[in-house]
Amino acid sequence: MERLVIDIPNTKSTLVKHILKELGVIIQQESKPQPSSYRTKLSQVSTWTEEDLKPFDEGKNAFLNFTPFEW
């Protein structure tokens, strides 16, 4: 069996689906993820406090204040 993806204008969608079904074509609807699955994924994202970010700022400032040695 071969899989075919086609774009059908909204006004002709019903007609085309009817013709394809008469020819024995199996039409599968796109499965869209449920909004609740997005919420679940987002709830598992970690958040960083200001204290967590301090080492990064200190490291950045250390490089900004660095002066190279002169030979």
Side-chain angles (χ1 to χ4, degrees):
M1 194 169 279
E2 186 176 347
R3 179 176 293 266
L4 177 66
V5 178
I6 57 173
D7 291 322
I8 305 168
N10 291 338
T11 56
K12 303 292 182 180
S13 177
T14 307
L15 174 65
V16 172
K17 286 180 183 178
H18 179 70
I19 293 170
L20 291 174
K21 283 181 183 178
E22 291 294 322
L23 293 172
V25 174
I26 300 169
I27 299 175
Q28 295 178 342
Q29 298 293 329
E30 277 188 45
S31 60
K32 296 181 182 178
Q34 297 296 324
S36 61
S37 68
Y38 288 121
R39 287 188 190 120
T40 304
K41 287 180 183 177
L42 285 174
S43 68
Q44 296 172 355
V45 173
S46 64
T47 56
W48 293 23
T49 64
E50 290 295 322
E51 290 296 318
D52 295 333
L53 297 175
K54 273 188 181 179
F56 294 105
D57 289 335
E58 291 170 1
K60 181 179 81 172
N61 291 336
F63 276 107
L64 292 176
N65 296 330
F66 180 72
T67 54
F69 292 110
E70 291 194 27
W71 296 83

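What you see is a predicted model; the values in this text were computed from it and never measured.
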task = Show your reasoning for whether side chain to side chain contact (heavy atoms under 4.5 Å, CB included) applies to Q44 and T40.
result = CA-CA 7 Å; Q44 296 172 355; T40 304; 3.9 Å; yes
message = The criterion is side-chain hydrogen bond (donor to acceptor under 3.5 Å, both in side chains); which residues satisfy it with S37, sequence neighbours excluded?
response = none
message = Taking side-chain hydrogen bond (donor to acceptor under 3.5 Å, both in side chains) as the cut-off, I'd like each qualifying pair that reaches into residues 5-25, sequence neighbours left out, listed once.
response = none
query = Looking at residues at least two apart in the chain, or sitting in another chain, which of them share a side chain to side chain contact (heavy atoms under 4.5 Å, CB included) with N61?
reply = L64, N65
message = Using modelled atom types and a 3.5 Å cut-off, is there a donor and acceptor pairing between side-chain atoms of D57 and backbone atoms of K54?
response = no
ask   = Looking at CZ of R39 and CG of L42, how far apart are the two atoms once the value is rounded to the nearest 0.5 Å?
value = 9.5 Å
query = What pairs with F56 under ring pair (Phe, Tyr, Trp, His ring centres under 6.0 Å), at least two apart in sequence or on another chain?
reply = W48
inquiry  = According to side-chain hydrogen bond (donor to acceptor under 3.5 Å, both in side chains), who are the partners of E58, at least two apart in sequence or on a separate chain?
reply    = none
message = Going by side chain to side chain contact (heavy atoms under 4.5 Å, CB included), name the residues that satisfy it together with L20, two or more places apart in sequence or in a different chain.
response = I6, V16, V25, I27
